[in-house]
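For reference, the structure discussed in these notes is given below.
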Amino acid sequence: MEYAHGGDIYTYKGMLDFSVNVNPLGPSERVVDAAKRGVERAAEYPDSRCGKLREALAEKKGIPAERFIAGNGAADLFFSLVLAERPRKAVIPVPAFSEYGQALRTVDCSVREYFLKKENNFCMTEDFLNELTPETDITFLCSPSNPAGQVIPGELLRKIADRCEACGIRLVVDECFIDFLTEPAEHTVERMTERYPCLFVVQAFTKIHAVPGLRLGYSITSDTELIERMQQVRQPWSVSIPAQEAGIAALGDEERVRAARELTYRERTRMEKGLRECGVEVVPSQANFILMHSPYDLFTHLKDRGILIRDCSNYSGLGKGWYRTAVRRKEENDCLLEAVRQICLEEGGDPAKRQEAAGEKGREAREKQEKRQEEVQADE
């Protein structure tokens, strides 16, 4: 099976991994300890309905517990949803997480791709409303989007939800990176589920609590009949006891989440600036990762230097030269930036000219690039 995601540390061993976009602080001690307590109960079957976890989520978010369904990561929920709904026609804005399309293809659903525009930084616009017709059964959105890190404006999301409700379209909104925003409460649509039964919001512990190895996600919807149908088509013990225990503990990790959010914002801003100064084209992000484009094979060059990034050439709507890097701790980010700087210098061309050719504009940025090149030449 071809591996089409980041985090392939089993093929690329011993690498500094920027290909996965999880909390750079790693899992907290309380979450790890809770998972260990779960392992001690390995002789027991898990609660197939994740009762305590759903109750804890309900208390945390002020949403009734019956509106939650937990899964073995967000991907498990996408597949279970599709199997329960069995849609025939779907529309997906691209570039997007490949599991949306993969899940839909398991039920022979016809997928129409809506191409987001590079010149608009791959942001969603109101043109997408024209794609939502009564012939469409389901659509998958992501906010912040993966791999571009763009947030869909709230007013536009409400218009999309109105259209989907009117046309009978299942609206899936993937919010797995929502907690990395500076003000996540202002952007989440979890509260809109009460008004819009068509809405199916997916969130996860995986990214913000750095537990991809435990696999834990959850969805929120007021369509409780859909939740029951999903329970009927999935295997009954999809979420392990260690994952459930870790999730309950993670809901009390507010300080660590806040620290990760602050670190991500500070380092992402610095990394975007540093990458531009190297002549790399950067899509401004609001998440914990950065989408970038370079005429050079950054994946191979960085791999040769012991650094792993995500090659995005297999994303529909992108192609060769597109890469995604996570935002990690400062010292790790410094390693990446220095490696990219060396690669761009070695591969030739003046950084300012490369930046201009990549579409970067602004006199101040060009002057900074020229100054950097003069310093390099003086060193040589």
Side-chain angles (χ1 to χ4, degrees), residues 1-8 11-12 17-21 75 90-105 110-125 127-128 131 139-152 174 177 268 271-272 275-276 278-305 307-327 336 339-340 343-344 346-349 351 353-361:
M1 181 180 69
E2 183 180 356
Y3 193 82
H5 303 284
D8 190 8
T11 299
Y12 305 103
D17 189 7
F18 281 84
S19 70
V20 292
N21 33 25
V91 58
I92 299 178
V94 294
F97 185 47
S98 62
E99 250 67 3
Y100 307 152
Q102 185 177 348
L104 291 165
R105 287 190 292 274
S110 173
V111 179
R112 184 173 74 256
E113 294 182 330
Y114 171 80
F115 289 87
L116 300 169
K117 298 178 180 178
K118 172 188 171 183
E119 55 267 29
N120 196 35
N121 288 328
F122 303 104
C123 291
M124 180 73 74
T125 66
D127 290 344
F128 181 67
E131 304 295 317
T139 185
F140 284 78
L141 308 183
C142 189
S143 183
S145 63
N146 178 15
Q150 305 301 320
V151 174
I152 304 174
D174 179 350
F177 299 99
R268 185 188 67 229
M271 288 180 70
E272 288 181 343
L275 289 166
R276 289 192 182 100
C278 293
V280 174
E281 182 179 4
V282 172
V283 176
S285 174
Q286 297 185 64
N288 61 321
F289 49 86
I290 300 168
L291 179 64
M292 56 187 179
H293 185 274
S294 173
Y296 310 120
D297 186 353
L298 292 184
F299 178 83
T300 300
H301 285 303
L302 287 170
K303 176 170 64 69
D304 291 343
R305 289 168 166 81
I307 298 174
L308 189 63
I309 61 172
R310 174 68 157 91
D311 183 348
C312 292
S313 59
N314 65 340
Y315 272 87
S316 183
L318 291 180
K320 185 178 179 180
W322 286 100
Y323 306 94
R324 188 193 68 200
T325 177
V327 176
L336 175 72
V340 171
I343 291 165
C344 290
E346 291 171 4
E347 288 298 303
K353 291 181 180 179
R354 291 198 305 273
Q355 181 167 307
E356 184 176 358
E360 295 295 336
K361 298 181 181 180

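None of the values given here were measured: they were computed from a predicted structure.
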Flag, side chain of S294 to backbone of Y296, donor-acceptor distance under 3.5 Å | yes
Looking only at heavy atoms, which two atoms of S316 and V94 are closest? And how far apart?
-> O-CB, 3.5 Å
Between atom OH of Y12 and atom CZ of F299, what is the distance when rounded to the nearest 0.5 Å?
-> 4.0 Å
What is the distance from atom CD of E347 to atom CG of L298, rounded to the nearest 0.5 Å?
-> 9.0 Å
So how far is it from L336 CG to R305 CZ, rounded to the nearest 0.5 Å?
-> 11.0 Å
Does the N288 side chain pair with the main chain of N21, one donor and one acceptor, at a distance under 3.5 Å?
-> yes
Of all the heavy-atom pairs spanning P147 and Y315, show the shortest one and how long it is.
-> CD-CE2, 3.5 Å
With a 6.0 Å cut-off on ring centres, are W322 and F122 close enough?
-> yes
With sequence neighbours excluded, what pairs up with F128 under the ring pair (Phe, Tyr, Trp, His ring centres under 6.0 Å) test?
-> Y114
Check: Q150 side chain, P284 main-chain N or O, donor-acceptor pair, under 3.5 Å = yes
side-chain contact (heavy atoms from CB on, under 4.5 Å) evaluation trace for L302 with L308 = CA-CA 6 Å; L302 287 170; L308 189 63; over 6 Å; no
Taking the six-membered ring where the residue is Trp, are the ring centres of F18 and F289 under 6.0 Å apart?
-> no
Please round to the nearest 0.5 Å and tell me the distance separating atom CG of L116 and atom CG of N121.
-> 11.0 Å
Check whether any side-chain heavy atom of I92 lies under 4.5 Å from a side-chain heavy atom of V111, and answer yes or no.
-> yes
Which heavy atom in E272 sits nearest to a heavy atom in S285, and how many Å separate them?
-> OE2-N, 2.9 Å
Those residues that, when tested against R105, pass salt bridge (charged side-chain N to carboxylate O under 4.0 Å, His left out) (two or more places apart) = none
Closest non-hydrogen atom pair between A339 and I307, with its separation = CB-CD1, 3.9 Å
For residues N146 and R324, is any side-chain donor paired with an opposing acceptor at under 3.5 Å?
-> yes
Over all atoms of both residues, closest heavy-atom pair of V280 and M292 = CG1-CB, 3.6 Å
Atom pair CD/CG of E99 and L104 - distance to nearest 0.5 Å | 11.0 Å
Applying side-chain contact (heavy atoms from CB on, under 4.5 Å), name anything that partners S313, two or more places apart in sequence or on another chain.
-> D311
Taking the inter-plane angle between the rings of F140 and Y100 on a 0 to 90° scale, is it parallel (under 30°), tilted (30 to 60°) or perpendicular (over 60°)?
-> parallel
Where do C312 and L291 come nearest, in terms of heavy atoms and distance?
-> SG-CD1, 4.2 Å
Close side-chain approach of E281 to K118, heavy-atom, < 4.5 Å | yes
Would you check, one step at a time, whether the test side-chain contact (heavy atoms from CB on, under 4.5 Å) holds for R310 with T325?
-> CA-CA 6 Å; R310 174 68 157 91; T325 177; over 6 Å; no
Short question: side chain of R112, backbone of E131 - any donor-acceptor pair under 3.5 Å?
-> yes
Could you give the distance from OG (S145) to CD1 (I152), rounded to the nearest 0.5 Å?
-> 7.5 Å
